[in-house]
Q: 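Have a look at the structure that comes next, please.
Note: hydrogens, waters and symmetry copies are ignored here, and every other heavy atom, side chains too, is used.
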Amino acid sequence: MSKLITVNYDGKPRYDIVIESDFSKLAESVKKLGIKNRRLAVITDSNVGAIYADEVKSCLEQTENNVFVYTFEAGEKNKNLDTVQNVYEFLIENKFDRKDMLVALGGGVVGDLTGFAAATYLRGVKFIQLPTSLLAQVDSSIGGKTGVDFRAYKNMVGAFHQPELVYMNISALKSLSRRQFNSGLGEILKHGLIKDALYFEWLKD
């Protein structure tokens, strides 16, 4: 499948959501952003990175940019300011500046954390979302919501920071457990219950 949806912000086109069955069009989509001869940092977790980091890095290297990969331990427990500080340190050590870009490769934890790091590093750098879970594809990767947990408080620290691109590889959903898939499906059902009765009935059918 191949589909493109343009998201408007303040009445103007802001970024595209590209829906594909693999990562083969990723380089082409990133090239359209005009990012060239810069540094790209793929931020991912240990679960997703083991499956997709090498492939995504290879795709992004076709954009004539220097690609780095930073991996943190998977899990909600690591969605915190300590991990963000480690990302900052990685970016500083590799001389990332305001014209460089972050790439969030993973589910909601990765997307939220990477987006927050992008919103706050050097007062804000651009970033791309590559959501790999159903929940991230239908919710957290869209709308610019970013943030991390603070001690016992979920998503207490954050910022609204819009991505430059959301690229969804639908085949990544095949790697999800039934529990993870149902979690995303619950969010889809909620959309229908809140906003669109016909959509909800279509989902049930």
Q: Closer than 4.0 angstrom, basic N to acidic O: yes or no for D100 and K126?
A: no

Q: Answer yes or no: is there an ion pair linking E28 with K25, defined by an N-O contact shorter than 4.0 Å?
A: no

Q: Is it the case that the side chains of N86 and T83 hold a donor-acceptor pair, with the cut-off being a distance below 3.5 Å and no angle test?
A: no

Q: Using a side-chain heavy atom cutoff under 4.5 Å and only I, L, V, M, F, W and Y, what cluster partners does L33 have?
A: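 In the cluster with L33 are L4, V18, F23, L26, V30, I35, L40, V42, V48, I51, Y52, V56, L60, V67, V69, M101, V103, L105, I128, L130, L165, Y167.
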
Q: Please determine whether a side-chain nitrogen of the Lys or Arg among D139 and K145 lies less than 4.0 Å from a carboxylate oxygen of the Asp or Glu.
A: yes

Q: Between K31 and E64, is there a side-chain N and carboxylate O pair less than 4.0 Å apart?
A: no

Q: Should we count NZ of K154 as having more than 12 external heavy atoms under 6.0 Å?
A: yes

Q: Can you establish whether the number of heavy atoms outside K3 located under 6.0 Å from its atom NZ is more than 12?
A: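 No, because the 6.0 Å sphere around NZ of K3 holds 12 heavy atoms or fewer from other groups.
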
Q: With Y70 as reference, evaluate Y88, F96, F90 under the ring-ring contact (aromatic ring centres under 6.0 Å, His included) test and give the passing residue.
A: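 With Y70 as partner, ring-ring contact (aromatic ring centres under 6.0 Å, His included) holds for just one option, F90.
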
Q: Please report the shortest heavy-atom distance between S171 and D22, naming the atom on each side.
A: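 Smallest heavy-atom distance, with atoms named: OG-CA, 4.3 Å.
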
Q: Hey, is the main chain of D45 close enough, under 3.5 Å, to the side chain of T71 for a donor-acceptor pair?
A: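 Not a single qualifying donor-acceptor pair exists.
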
Q: Using residues 196-205 as the side-chain source, report each donor-acceptor pair under 3.5 Å to any protein atom, sequence neighbours left out, with the distance given to one decimal.
A:
residue, atom, partner, partner atom, Å
D196, OD1, L198, N, 3.2
D196, OD1, Y199, N, 3.0

Q: Would you mind listing the cluster partners of L135? Hydrophobic ones only (ILVMFWY), side-chain contacts under 4.5 Å, chaining allowed.
A: none

